[in-house]
Amino acid sequence: MEPIPVAADPAAYLAADEAIDHQHPLIRETAARLRSAAPEPYDYAKAAYEFVRDTVPHSADAGDPRVTWRASDVLEQRTGICHAKSHALAALLRAGGIPAGLCYQRLTEDDGTQPVLHGLNALLLPGRTRWARIDARGNIPGLVDAAFSLDEERLAWPVRPHLGEAESPLVHAVPAPPLLAALRAAPDRAHLDLPSELPS
């Protein structure tokens, strides 16, 4: 599946907004620290990916009730669900001058019930013509083994169409409004009511 950018203007994938607030000092400081150890674009993108995947626990895995949605809050509080982590990774990539966007999958339980919307990222490295999807959700031994890979996707969850699961090829420049509204409204994870799919 080839990711398809939604925004006609490539600059949209470098812009800052309320959720992907890459002009925040914490984002800039983190990006600068990663860049000092990994100055080349590929190495920086991989370092940013692994930083978010490995040092920001997925709140469901950690049993953390807090809900974050702004990239700087995700890094400051070191917690977030997949969508929050995708905002943080997009912010770090954009802070490093790498176009990045947001992608979504519709996933279910093993019996096809309880659909959920899963968030991940896509990026476009200099010199490449194709976007690549990456998933910094966070690995779980024996269950999730996502990795930074530009040529062969190594995402957290393979989509199972026979269960009604689906993935959108679209690369969004900003978080989907219904999703962001749900994240912002939730006082904690127990009251988080995420949409199960995006409006067509």
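- Every residue was checked against the salt bridge (charged side-chain N to carboxylate O under 4.0 Å, His left out) condition with R53, not counting sequence neighbours, and none meets it.
- The closest side-chain heavy-atom distance from T108 to V116 is not below 4.5 Å.
- Both L125 and L34 belong to a common hydrophobic cluster when Ile, Leu, Val, Met, Phe, Trp and Tyr are linked at side-chain heavy-atom distances under 4.5 angstrom.
- Heavy atoms only, all atoms of each residue included: V56 and G80 are closest at CG1-N, 4.4 Å.
- Not a single side-chain hydrogen bond (donor to acceptor under 3.5 Å, both in side chains) links S36 to another residue, sequence neighbours left out.
- The shortest heavy-atom contact between C103 and A122 is SG-CB, 3.7 Å.
- Panel note: side chain N121, backbone G101; a donor-acceptor pair is recorded below 3.5 Å.
- Remark: E50 pairs with K46 by the salt bridge (charged side-chain N to carboxylate O under 4.0 Å, His left out) rule, at least two apart or across chains.
- Under a 3.5 Å cut-off, the side chain of D17 and the backbone N or O of I20 do form a donor-acceptor pair.
- Residues L26 and S72 share a closest heavy-atom pair of CD2-O, 3.6 Å.
- Linking ILVMFWY side-chain heavy atoms closer than 4.5 Å, directly or via other members, places V6 and L198 in two distinct hydrophobic clusters.
- The nearest pair of heavy atoms linking P10 to A8 is CD-O, 3.3 Å.
- Applying the salt bridge (charged side-chain N to carboxylate O under 4.0 Å, His left out) definition to pairs two or more places apart or across chains, those involving residues 177-196 are E18-R184.
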Using atom types as modelled, flag every donor-acceptor pair under 3.5 Å from a side chain in residues 170-178 to any protein atom, sequence neighbours excluded.
none

side-chain contact (heavy atoms from CB on, under 4.5 Å) between I81 and L192: does it pass, once the steps are laid out?
CA-CA 11 Å; I81 63 168; L192 179 58; 3.8 Å; yes
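- Atom CD1 of I134 is separated from atom CG of L155 by 9.5 Å, given to the nearest 0.5 angstrom.
- The list of side-chain hydrogen bond (donor to acceptor under 3.5 Å, both in side chains) pairs with a residue in residues 96-105, not counting sequence neighbours, reads Q105-E167.
- The stretch residues 84-101 participates, sequence neighbours left out, in no side-chain hydrogen bond (donor to acceptor under 3.5 Å, both in side chains) pair at all.
- Residues L107 and V159 have side chains in contact (heavy-atom distance under 4.5 Å, counting atoms from C-beta outward).
- Checked against side-chain hydrogen bond (donor to acceptor under 3.5 Å, both in side chains), D54 has no partners two or more places apart in sequence or in another chain.
- No donor-acceptor pair closer than 3.5 Å links the side chain of H83 to the backbone N or O of L120.
- Taking CD from E109 and CG from L163, the interatomic distance works out to 10.5 Å, rounded to the nearest 0.5 Å.
- Between H118 and D135, the side chains place a donor N or O and an acceptor N or O closer than 3.5 Å (distance only, hydrogens not considered).
- Of all the heavy atoms in L92 and F51, the pair that sits closest is CD1-CD2, 3.9 Å.
- Counting heavy atoms from C-beta on, the side chains of L179 and L102 never come closer than 4.5 Å.
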Candidate pair L194 and L117, rule side-chain contact (heavy atoms from CB on, under 4.5 Å), full reasoning:
CA-CA 7 Å; L194 292 172; L117 197 64; 5.7 Å; no
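- Of all the heavy atoms in V144 and G138, the pair that sits closest is CG1-O, 3.7 Å.
- A donor-acceptor contact shorter than 3.5 Å links the side chain of Y13 to the backbone of A7.
- Taking the ring centroids of Y49 and Y44, they lie at or beyond the 6.0 Å cut-off.
- Under the rule for a side-chain hydrogen bond (donor to acceptor under 3.5 Å, both in side chains), the partners of D73 that lie at least two apart in sequence or sit in another chain are R70.
- V74 and L183 fall into different hydrophobic clusters, where Ile, Leu, Val, Met, Phe, Trp and Tyr residues are linked whenever their side-chain heavy atoms come under 4.5 Å apart, directly or through other members.
- D61 pairs by the side-chain hydrogen bond (donor to acceptor under 3.5 Å, both in side chains) definition with R137, not counting sequence neighbours.
- The side-chain hydrogen bond (donor to acceptor under 3.5 Å, both in side chains) analysis of residues 150-162, with sequence neighbours excluded, yields the pairs D110-R160, R128-D151, R133-E153, D145-R154, R160-E165.
- Rounding to the nearest 0.5 Å places CZ of R130 at 11.0 Å from CD1 of I4.
- Listed by chain and number, the residues in a side-chain contact (heavy atoms from CB on, under 4.5 Å) with A95 are H22, I27, R28, A31 (sequence neighbours excluded).
- Proximity of P126 to Y42: side-chain heavy atoms (C-beta onward) are nowhere separated by under 4.5 Å.
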